[in-house]
2 protein chains.
Amino acid sequence: MAHKKTLTDITIIDVAREAGVSYSTVSRVVNNKSYVKPETRERVTQAMHRLGYQANLQARSLAGGHSHVIGLLVHNMSTQYMGEIFRGIDDVLATHNYEVMLYTTHRRRTKESAYVNMMARGLADGLLIVLPRQPEAYIESLRARDFPYVLIDQVGIDEHDVSVTAANFQGGYDATTHLIELGHRRIGKITGWMDMVSARDRLEGYKAALSDHGIPVDPELIVIGDFEKISGYQGAATLLDLAAPPTAVFASNDVMAQGALELFRERSLQVPQDISLVGFDDIPIAAILNPPLTTLRQPMVEMGRLATQMLLDWISDPEQKPASVILPTELIHRESTSLPQS
Amino acid sequence: MAHKKTLTDITIIDVAREAGVSYSTVSRVVNNKSYVKPETRERVTQAMHRLGYQANLQARSLAGGHSHVIGLLVHNMSTQYMGEIFRGIDDVLATHNYEVMLYTTHRRRTKESAYVNMMARGLADGLLIVLPRQPEAYIESLRARDFPYVLIDQVGIDEHDVSVTAANFQGGYDATTHLIELGHRRIGKITGWMDMVSARDRLEGYKAALSDHGIPVDPELIVIGDFEKISGYQGAATLLDLAAPPTAVFASNDVMAQGALELFRERSLQVPQDISLVGFDDIPIAAILNPPLTTLRQPMVEMGRLATQMLLDWISDPEQKPASVILPTELIHRESTSLPQS
DNA sequence: AACCATTTTGCAAGCGTTTGCAAAAAGATA
DNA sequence: TATCTTTTTGCAAACGCTTGCAAAATGGTT
């Protein structure tokens, strides 16, 4: 034993003894099952309170009950993006007496697969997987065992998957259209991490907006990023070093836009006077950057909330598998864009 | 059963059969125990890999083994403060094959107690409790069962507690001294949440710096806050409405400083020309506020890292209870402070 | 070969809970 | 009172794993 048991470790057997019933009757009371007389139920409830009984989660789960634990798989918990999504998740879980078992994968595929398999072994009642890296490695297995899961900000392997995403294509289209309507014709694009469908869709939206406005797509104006600040910084440097640099930049998330801002400041470029900038996400820092960032708002809190609600509904009624949802994005006008200089 | 078992649910019995040994031998291999022949050990290891065996955590924990789960108790996971601490925690856990079970209490004492008791029932191997609200409600119980825990950014009930905190008194002292040395004599103070020892110590440091410089403490210049942005905003309004308003404000954290900044902007006050401002924490937004905030850096990542390492060492060797640590704070000069206007 | 010490292995019990099913109890009806 | 139906209760098995201890195997010494 890693630690010593004490007299405060009250089990279902103790409650049964105290109430003068069998432990299976206590179980029926704890789990709100029927076939318990009201008087018996009351007697057991009081014994539980008197003794301060807390169900042992591992035993309950092993014995086939609900653990009331949701597995949450993320790359990294320390970003504002993730903080916002978690806010929504936490709100819903708290009102349903569920807890979170958190796994951080640091973007590694093997970790992702291993964790999913481990959690689906009964430890968790369901899974929330944020920005899944390689869903094809485990979706079939989850489905084969009818294990509830919801993917967040990424689609799965086919139309039967359950996911909550944002309208990334439309958001990329709107960001680019906004710049075009201001008069920009050379619009740089710093992509997100291209493993992610969100990054790919935002790029497609960018391309579609250019095409729809009769502006040819210049491959030189597209640099590959990875959603991290430094790739925004470096992407902005690459774009400014072009023979014909852009008059505006659309970064695939606010964090990379922040990096681009830093580069612009170092090159003594004023935003938006010398160069316009649009981000994506509308994480909390977007509003406090200098200048406050014009960005595409992705409803992250709502995504977390909705995904969690869908998952809990699915757990509650296993016959009702939820349908995927795509939430709208919204252009948030702040102060980082203006007419091109010349 | 909440979900159906499938052929992919490999148990220790399957591995034993595949390797031609008993399941207790498999257990010895899985847990790196001695008294297994090298050839047997190799045979079992290959069978495990062949079958893709994953230990069932709940069974292992219930049977008295290590769950390799750390319970993490926080008020709210969506703040940058918490994101930074978690970064440190995650770094250490990842290299030790431990996972996090996350409980968010939203500052409620009853939730805190209930979670601690639940997790100490064997589900977690140890506990990290960030900004504990009411440690006296459960510390005795944890100690009685020699259950490993580390408090973060709060001391416990006596000198035998295990905690990692920052030098809040010194930080408050340094922040106030910095303003005094710039020439400020009326220095407003927006406190943190006074349930927290960090808030109390920062206030004591403020008072001590004033006294040591022969400046009387004016109670009107101290307004009570709660570490949330809105209390910084309101606190700043209260201070500016005084008959003799301050020429500088020291907010007990950066988030409240951000709120004060907003209020100053609404009152058309320039920072630092019209009024100086110091925060505390140096969370990531401090550097990108306008102007970039002068603040006391609390080494949050290091706190998370150290606390986690201490906890894992304690779990690994139960006879070696770690000693508490106080990490130094550091004044970070940015652009929110200057000489008083007159 | 006999004896002793050490290593290896497997049996059996147990962890705390859920649940299928049989037995007991209760209530209704003829 | 006998019979039938429904409700209530408890027994027993099971979940997947760890571990104490006895038995078996191995190796070394006389």
Side-chain angles (χ1 to χ4, degrees), chain A residues 1-6 8-44 48 51 53-69 117-123 125 145, chain B residues 1-6 8-17 19-44 48 51 53-69 117-123 125:
Chain A
M1 290 293 279
H3 57 276
K4 286 179 280 198
K5 295 263 181 169
T6 69
T8 59
D9 290 324
I10 306 298
T11 71
I12 205 167
I13 310 269
D14 302 307
V15 177
R17 200 180 292 126
E18 175 83 11
V21 297
S22 75
Y23 55 82
S24 61
T25 298
V26 176
S27 186
R28 270 189 285 264
V29 173
V30 167
N31 294 289
N32 285 304
K33 300 287 171 99
S34 41
Y35 297 129
V36 181
K37 264 190 329 207
E39 307 94 77
T40 306
R41 194 179 292 271
E42 180 61 27
R43 201 160 80 239
V44 171
M48 278 165 50
L51 296 178
Y53 171 71
Q54 286 268 8
N56 181 303
L57 284 189
Q58 51 269 34
R60 178 196 274 174
S61 172
L62 184 64
H66 280 283
S67 65
H68 285 276
V69 170
N117 287 325
M118 194 188 317
M119 288 194 283
R121 287 292 307 277
L123 181 56
D125 291 338
R145 58 174 91 175
Chain B
M1 291 296 282
H3 56 278
K4 288 177 281 196
K5 295 263 183 169
T6 70
T8 59
D9 290 324
I10 307 300
T11 71
I12 205 168
I13 311 270
D14 302 308
V15 178
R17 199 179 295 124
V21 297
S22 74
Y23 54 83
S24 62
T25 297
V26 177
S27 184
R28 270 187 286 262
V29 173
V30 167
N31 294 289
N32 287 302
K33 301 285 172 105
S34 41
Y35 297 128
V36 181
K37 263 192 325 210
E39 306 94 77
T40 307
R41 193 179 291 269
E42 181 62 26
R43 202 161 77 238
V44 170
M48 278 164 51
L51 296 180
Y53 170 72
Q54 287 269 6
N56 180 304
L57 284 191
Q58 51 268 33
R60 177 197 274 175
S61 173
L62 184 62
H66 281 283
S67 65
H68 285 276
V69 170
N117 287 326
M118 193 187 320
M119 287 195 283
R121 287 292 307 277
L123 181 55
D125 291 338

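Model, not experiment: these values are computed from the prediction. Per chain, numbering begins at 1; letters A, B, ... match sequence-line order.
The CD1 atom of Ile13(A) sits 6.0 Å away from atom OH of Tyr23(A), with the distance rounded to the nearest 0.5 Å. Taking OG1 of Thr25(B) as the reference point, atom OH of Tyr35(B) lies at 14.0 Å (rounded to 0.5 Å).
Identified under the salt bridge (charged side-chain N to carboxylate O under 4.0 Å, His left out) test for residues 15-27 of chain A, with sequence neighbours left out: Asp14(A)-Arg17(A), Glu18(A)-Arg50(A).
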Identify all side-chain donor-acceptor contacts of residues 27-34 of chain A below 3.5 Å with residues at least two apart in sequence or on another chain.
from	atom 1	to	atom 2	distance (Å)
Ser27(A)	OG	Asn31(A)	ND2	3.4
Asn31(A)	ND2	Ser27(A)	O	2.9

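Residue Ile10(A) contributes atom CD1, which lies 11 Å from atom P of dT17(C) at whole-angstrom precision. Between Leu62(B) atom CG and dA14(D) atom P there is a gap of 17 Å when expressed in whole angstrom units. A straight line from NE2 of His66(B) to C1' of dG16(D) spans 18 Å, rounded to a whole angstrom. Rounded to an integer number of Å, the gap from Asp14(B) CG to dC15(D) P is 11 Å. Atom NZ in Lys37(A) sits about 8 Å away from atom P in dG27(C), given to the nearest Å. At whole-Å resolution of the value, CG in Leu57(B) and P in dG16(C) are 18 Å apart. Atom-to-atom, CG of Asn56(B) to P of dC15(C) comes out at 18 Å; the value is rounded to the nearest Å. When the C1' atom of dT17(C) is taken as reference, atom CD of Gln58(A) falls 10 Å away, rounded to whole Å.
For Ala63(B), counting side-chain heavy atoms from C-beta on, the closest listed nucleotide (dG16(D), dT9(C), dG16(C)) is dG16(D). Of the listed nucleotides (dT17(C), dT9(C), dC17(D)), dT17(C) has the atom at the smallest distance from the side chain of Tyr53(A).
Every side-chain hydrogen bond (donor to acceptor under 3.5 Å, both in side chains) that Ser24(B) has, sequence neighbours left out, goes to Ser22(B).
For the helix from dA1(C)-dT30(D) to dA30(C)-dT1(D), the end axes, each set by the C1' atoms of five terminal pairs, are bent relative to each other by 50° (nearest 10°).
Residue Arg43(B) comes nearest to Gly20(B) through the heavy atom pair NH2-O, 4.1 Å, listed as atom of the first residue, atom of the second, then distance. In terms of heavy atoms, His68(B) sits closest to Asp125(B) at N-OD2, 2.7 Å. Between Thr11(B) and Tyr53(B), the shortest heavy-atom distance links the atoms C-CE1, 3.7 Å. In this structure, Leu57(B) and Ser67(B) approach most closely via the heavy-atom pair CD2-O, 3.5 Å.
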Contact list (N/O, under 3.5 angstrom) for nucleotides 22-24 of chain D vs protein:
none

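Taking 4.5 Å as the limit, every side-chain heavy atom of Asn56(B) sits out of range of all side-chain heavy atoms of Arg60(B).
Put simply, Arg60(A) has no side-chain N or O that comes within less than 4.0 Å of OP1 or OP2 on dG16(C).
For Thr40(A) and Ile13(B), each mapped to the nucleotide of DNA chain D holding its nearest heavy atom, the one lying further toward the 5' end belongs to Thr40(A).
Residues of residues 21-35 of chain B having a heavy atom closer than 4.0 Å to DNA chain C, listed by number: Val21(B), Ser22(B), Tyr23(B), Ser24(B), Thr25(B), Arg28(B), Tyr35(B).
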